[in-house]
Amino acid sequence: MERKRETKTGELIRRFKYNKSAVFGLVIVLVLVLCAILANYIAPNNPTPSPPELFNSLKPGFWSEDGIKGMPLGTDALGRCVLSRILYGARVSLSAGFVAVGIAMLLGITFGVTAGYYGGRVDAVIMRMVDIMFAFPALLLAIVIVTVIGQGLSKAMVAIGIVYAPQMARIIRSSVLYIKEMEYIEVQKAIGSSNWRVIFRHVLPNSMAPVIVYGTLMLATAILDCAALGFLGLGAQPPTPEWGAMLSKSYSYIVSGAWWAATFPGIAILFSVLGLNLLGDGLRDILDPRLKT
Amino acid sequence: MMKSKIWLVLLIAVGLICSTTLVGSAAQAGGTLVFGSSGDAVRLDPADVTDGESIQRMDNIFDGLVEYKSGSTEIQPCLATSWETSKDGKEITFHLRKGVKFHDGTDFNADAVVFSLRRQYDKGYLPWHDYGEWAYWGYMFSDVEKVVKIDDYTVKLVLKTVNASIMTSLAMFTVNIVSPTNAAKWGPDTFKHPAGTGPFKFVEWVKADHIALEANDNYWRERPKLDRLIFKVVPDPSARLMALEVGEVQGIEYPDPTHFDRIKSNPDLKLLTEPGMNVGYMAMNTGYGYKDANANGVRDADEPWVKTPGYFEPLTKKKVRQAINYAIDKKSIVDNLYKGTAIVAKNGMPPFMLGYNDDIEDYPYDPQKAKKLLAEAGYPDGFEVTLYVMPVSRPYMFDPPKIGEAIQGYLAAVGITVRIYQVDWGTYLQETEAGNHQMCLLGWTGDNGDPDNFMNVLYGPNACSIGTAGNYGFYNDEEAQDLLSKALQTYDESKRAEYYQKVQEMIHEAAPWVYLAHSNQNVVFRANVQGYVLHPTSRKFFYPVWIE
């Protein structure tokens, strides 16, 4: 089954193309990635000018005559270009998401494969630990971890990675449980392959499909949680342009009419999460054999 | 049948007319005022609090021996009708007002005065002394030796040394008079059930929601015009303003300056504003404090100068501190982040106070000069430093996180990398009082209008005690302490002014602080609220207020 899928990449791409929302998601994600990579070249201004240009504080963007030329989405309270900060923020948010999910995958795969493959007491201990971690709401647990290991963007990434690891472990364990009963695994064991060889050459590659799907979906929630930690002041530290922090520093100005400083980072979060979710759903549709039509 | 119906109609009509006129006259008498506060009270014992929210409630429940005149820090008689000071200035005799009753029915007399004060300083006055921390007594009244009852309506205050600010300090909430029988009734829980002699009586306290007071019909002055006064907690400034706009509350404190245009354009609201008695600053830890072993608030000979936990080599150098003063554009911060609701500060106390040194020339914004000074001090490439940034708005700094970020930007321009550190407010105060910070944002609102309440409490070497520091720059020039003590022990105002001016010069030269701003104090009311007068200390007195 796996082999057949791999040899039919063309078919997968064709099916992906028919899934309009997935294509839309992919386009958004590609745009985000491009923004993140090219931020230096396309951002009209320095996202953290030094010394700060306070005299530009909370100026509107292109829609108003009071706006400043070259700052199309207006400025925040410290007079910084909102557009430039959002573009640089894409870099921060995406890398935060990827690192967090990377950590979650590393931990989740290690524990999930160990539990699933060896079974028995090892499985019981690992999975009860996973159950305990599931008892906490994800964001709350992340806040606890950040409180213990300290604030900052890199620590927030680690915290979110740890929080997401149990989900990953559970997903991969279930596919390992299924795969290890397969005949080709029995054959490997019969010819005396070591456990390491069986795991890395056969079990792991064959159980990656759900990991990729869930990893993509997780990327969306990881970005959202990073933004939430930033909003609470526990994530990215100033002056790093991070969407969640930009939102929390600016929402109080909505009442006084300066809506742009909070709205645009919010829209950026919305679209990136939407894009990744659509892409993740699309990937599941084409990779999940049960949904095959 | 028909007739009785007519009677019924008439009866109802008369009843309606009567009731409307009754309601109408009640409304004229005052009605209810709900005030939107930014936080809840901590305790309701006037001697055992340091936070403005608690004080705001209690200023309407309690009276002191003397009080401030409306809108000024001059004093006038209150529960004491008159007083005399002895020739050596060390004894003050107060004659008390007769016929005053506490809210619980107890008579006000010399015993109540002695009780209210003695519990704060007499370690042997148990159990009362153990019921509180009495922080402000140490700040302001450590020169008081004791209070003695002469007869039922006469008390004598005995001082250890002459203290020029003692009379203005006596108008502070700390020495308001509480009912001794009420304290006996509630014991350690008295702070939840306050009983004073003031214009309003305590009704209820729903934690984190509201505190309700009602008019004291037996007040020794005229009864207050309001019937009820409620302090409602609304932490978010935007939510506070919206509650005011819809009439849910009739007044709010700490409006966000970015909302001022919206407030001014609304005819239903009025903004009261005046220069505040405060200072907001960034302090740089110069490195050394002392451990106040006997907790007497003074550095004794056997208490050596030791490194503070936040000791940081570059900040011990005067040139570096001066460079940082040159590197920050205060005017731009005041214009754009304080939104013009403050004036730029060059000294550590506001300009209208006795002894303000206007001859000092402030450090201008000059990044080139800052770089040069850094190079001379041995840091041509700058360094990395931590800045503690307050998590809450205070009257002297309404948006510290933005100011912290702006300072980060200014210092980056001269090569200094600033790491911003934020913790919750309680921990923040603990850590900075212990000298853990390298640099921190803080400020002060004056309590009594006396310069000592700024200069000695914030900049005096005696206030460098690690753990209870008020001198967050740990500026420890002993000559300054000498001058500050001299200034407190003379009644000659021109002499006092001279001493304070000299100390300001010394501080300016040593530059442990970047003084940012003196903020206006702002309160917003609905347009029909009348009679409210702002007080320079930001205390809130609702006695004269009525609703039209």
Side-chain angles (χ1 to χ4, degrees), chain A residues 45-60 66 68 75-81 85 143 146-148 150-156 229-242 244-262, chain B residues 236-242 245 255-265 327-340 365-367 370 382 386-387 389 391 393 398-399 401-424 427:
Chain A
N45 296 290
N46 183 347
T48 50
S50 167
E53 293 156 359
L54 299 182
F55 44 85
N56 282 342
S57 174
L58 294 174
K59 292 281 194 303
D66 302 336
I68 299 171
T75 61
D76 68 4
L78 292 174
R80 299 175 297 203
C81 171
R85 286 180 67 77
I143 290 171
V146 168
T147 316
V148 174
Q151 300 171 358
L153 188 60
S154 52
K155 311 240 170 88
L229 287 179
F231 186 88
L232 296 172
L234 299 169
Q237 295 301 304
T240 315
E242 198 271 333
M246 287 169 74
L247 190 59
S248 79
K249 293 249 167 84
S250 306
Y251 78 96
S252 62
Y253 300 113
I254 292 176
V255 172
S256 50
W259 50 270
W260 51 90
Chain B
D236 182 66
S238 305
R240 251 191 336 268
L241 176 61
M242 282 187 255
E245 283 172 342
D256 189 326
T258 58
H259 300 157
F260 279 12
D261 287 340
R262 183 173 163 140
I263 293 167
K264 284 175 189 158
S265 65
I328 296 170
D329 187 355
K330 299 177 189 185
K331 186 169 180 329
S332 192
I333 289 178
V334 168
D335 286 350
N336 299 295
L337 296 183
Y338 282 85
K339 298 278 168 199
Y365 174 52
D366 188 347
T386 303
L387 171 64
V389 173
S393 306
F398 84 94
D399 198 348
K402 294 228 169 59
I403 289 168
E405 218 173 321
I407 288 175
Q408 184 181 46
Y410 283 119
L411 294 188
V414 298
I416 300 173
T417 309
V418 176
R419 281 185 313 262
I420 285 182
Y421 177 81
Q422 270 191 301
V423 275
D424 68 279
T427 317

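In what follows, chains carry the letters A, B, and so on, assigned in the order in which the sequence lines appear, proteins first and then strands, with residues in each chain numbered from 1.
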Checklist entry - Does B/Ala413 offer a backbone N or O that forms a donor-acceptor pair with the side chain of A/Ser50 under 3.5 Å? => result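 Yes, the answer is positive, given that a donor and an acceptor are paired below the 3.5 Å cut-off.
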Item to check | Taking every non-hydrogen atom, the tightest pair across A/Phe55 and B/Ser332 | outcome: N-OG, 4.3 Å
Next on the checklist: Can you give me the closest heavy-atom contact between A/Pro52 and B/Ala406, atom names plus distance?
Outcome noted: CG-O, 3.5 Å
Checklist entry - Looking only at heavy atoms, which of residues 229-241 of chain A get nearer than 4.5 Å to chain B? => result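 Interface residues of residues 229-241 of chain A: A/Gln237, A/Pro238, A/Pro239.
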Measure the spacing between [atom1] of [X] and [atom2] of [Y] and express it to the nearest 0.5 Å.
X        : Y        : atom1 : atom2 : result
B/Leu241 : A/Ser256 : CG    : OG    : 9.5 Å
A/Lys249 : B/Glu405 : NZ    : CD    : 4.5 Å
B/Asp256 : A/Tyr253 : CG    : OH    : 6.5 Å

Checklist entry - Counting heavy-atom pairs under 4.5 Å to chain A, which of B/Pro401, B/Pro391, B/Ala412 comes out on top? => result B/Ala412
Next on the checklist: Looking at chain A, which one of B/Arg262, B/Lys402, B/Arg419 has the largest number of heavy-atom pairs inside 4.5 Å, strictly under?
Outcome noted: B/Lys402
Item to check | Toward chain B, the part of A/Leu54 with a non-hydrogen atom under 4.5 Å | outcome: both
Checklist entry - Non-hydrogen atoms of chain A under 4.5 Å away: do they reach the side chain of B/Asp329, the backbone, both or neither? => result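 The answer is neither part of B/Asp329.
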Checklist entry - Is B/Leu337 close to A/Leu78 at the side-chain level, that is, under 4.5 Å between some pair of heavy atoms? => result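 Side-chain contact under 4.5 Å: yes.
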Next on the checklist: Could you check whether any side-chain heavy atom of A/Ser57 comes within less than 4.5 Å of a side-chain heavy atom of B/Lys339, counting everything from C-beta outward?
Outcome noted: yes
